[in-house]
Amino acid sequence: MPHNLTFHDKITTIERHFLDEQKAHPEATGELTQILYDLALAGKMIASKTIQAGLADILGATGSRNVQGETVQKLDQFADETIFRLNDHTGRLACMASEEQDELIPIPEKYPKGRYVLLYDPLDGSSNIDVNVSVGSIFAIYRRKTPEGTPGTLEDCLQPGRKLVAAGYVIYGSSTMLVYTTGNGVHGFTLNRMLGEFLLSHPNIKMPAKPKYYSVNQAYEPYWSPGVLQYVRWLQTGENNLSLRYIGSLVADFHRNLLAGGLFCYPADRKDPKKPGGKLRLLYEAAPLAFIAEQAGGYATNGHSGILDLEPTKLHQRVPLFIGDKKLAEKAEEYIAKFDK
Ligand code: AHM
């Protein structure tokens with residue numbers, strides 16, 4: 001009976017894991033642990049809504065109001081508000097920023113201002129919800145740069161990924177998982193719905209040495225630079241023996257490649273002149289996933305330099321992204337340097 005737990009098996013809840021990690025840092029105040037715990041709770045709340053997606057129609061929602069006359073909230077707005085409301089009053093954050101909001105999100109005046117900054121993409125790939133495809137929330141935590149006790153500023157948010165103290169994501173898929181790092185390996189937890197608890201299921205995740213997949217939106221090929229085109233041609237050669245997998249939901253594509261081995265690319269393209277630097281955002285998507293990739297033995301680059309070394313200049317900065325297997329990602333830099341002058 002290989003799947004039956006005995007009393008000798010260790011069951012590690014996310015709380016126990018965070019506390020164990022905290023013990024390894026005697027100087028820790030526990031604040032970061034609490035922020036992570038609040039984000040895990042946000043993940044559970046968002047998961048409980050995503051599994052009901054589609055039911056609003058059956059239960060009688062009309063237009064933007066449901067049967068009780070309440071406004072039906074879009075899931076991405078619900079996710080955005082949930083993360084904000086669980087973190088606005090705790091005194092642990094100086095400010096927040098969300099992919100869903102144009103400007104920095106201040107901590108309300110009535111609450112104390114803390115030592116950390118939280119940046120998040122509340123529901124990445126949300127257009128996939130309508131067709132029952134996995135989506136995810138991504139979070140990034142930095143230490144503030146400005147003096148403690150004052151309201152956080154843009155300077156606190158615009159930090160390079162190298163300064164991240166924690167990053168992670170929650171994937172809402174066939175099961176809900178939370179994956180995170182504080183720079184001490186990457187750990188994955190699966191939500192046990194019966195218990196309402198995240199349990200450690202994937203300790204110390206490392207990307208497989210041999211990648212299996214590459215993931216790119218091949219339809220944009222006519223808009224790629226010569227370097228990107230030659231690089232993707234190289235990925236397709238027999239020497240790499242890769243299969244193509246592209247969901248179009250970043251967290252899901254990244255998660256699959258993290259566990260099974262592979263590389264995700266969203267290069268710059270000439271399709272939309274308003275987005276010359278690709279589609280994905282440096283602060284909410286690329287940097288936190290790059291931290292996880294590196295901690296799992298992978299690498300992330302914009303095609304020229306490491307994502308974690310980029311100095312952001314604005315909150316919603318977009319960046320080309322090649323992330324996952326280290327050797328494959330480094331090869332993107334070689335091709336781009338050689339063919340794109
Ligand atoms: P969104 O910000 O509208 O949710 O878009 C982000 C998503 C990512 O999850 C995914 O990797 C990418 O868009 C897919 O884009 P495309 O359809 O251009 O391939």
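What you are looking at is a predicted structure, and each value in this text was computed from that prediction instead of being measured. Just follow the structure's listing: the first ligand is 1, and inside any ligand the first atom is 1.
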Check this for me - ligand 1, K279, N or O atoms closer than 3.5 angstrom, yes or no? yes
Any side-chain donor-acceptor pair under 3.5 Å between R193 and S175? no
closest protein heavy atom to atom 17 (O) of ligand 1 is Y220 OH, 3.9 Å
Just need the protein heavy atom nearest to atom 6 (C) of ligand 1, so name the residue and atom and give the distance. D124 OD1, 3.8 Å
At under 4.0 Å between heavy atoms, which part of F264 makes contact with ligand 1: side chain, backbone, both or neither? side chain
Within 4.0 Å of some non-hydrogen atom of S249, the atoms of ligand 1 are 9 (O)
Students often mix this up, so state it plainly: with edges at 30° and 60°, are the rings of F18 and Y37 parallel, tilted or perpendicular? perpendicular
The atoms of ligand 1 lying under 4.0 Å from a heavy atom of Y246, numbered in the order shown, are 14 (C), 15 (O), 16 (P), 19 (O)
Tell me which part of N217 gets within contact of ligand 1: side chain, backbone, both or neither, using heavy atoms under 4.0 Å. side chain
So Y180 and F189, would you call those rings parallel, tilted or perpendicular, with 30° and 60° as cut-offs? tilted
At what distance is the nearest protein heavy atom to atom 2 (O) of ligand 1, and which residue and atom is it? E99 OE2, 3.5 Å
For residues P122 and I83, report the shortest heavy-atom separation together with the two atoms involved. CA-CD1, 4.0 Å
Donor on one side chain, acceptor on other, D38 and T90, under 3.5 Å: no
Hey, can you tell me if F264 and Y266 have their rings parallel, tilted or perpendicular (30° and 60° cut-offs)? tilted
Close N or O approach (Y266, ligand 1; < 3.5 Å): yes
So is G248 touching ligand 1 or not, going by heavy atoms under 4.0 Å? yes
Would you mind listing which atoms of ligand 1 come within a distance below 4.0 Å of any non-hydrogen atom of L250? 8 (C), 9 (O), 10 (C), 11 (O)
Pull out every atom of ligand 1 sitting under 4.0 Å from any heavy atom of S126, numbered as shown with elements. 4 (O)
So, do E21 and H187 sit near enough that their side-chain heavy atoms are less than 4.5 Å apart? yes
Under 3.5 Å between any N/O of G125 and any N/O of ligand 1: does that happen in this structure? yes
Whether the Q218 and E221 side chains hold a donor-acceptor pair (N or O, under 3.5 Å, no angle test) is what I'd like checked. yes
Applying a strict under-4.5 Å side-chain criterion to I, L, V, M, F, W and Y, I'd like to know whether Y120 and L93 cluster together. yes
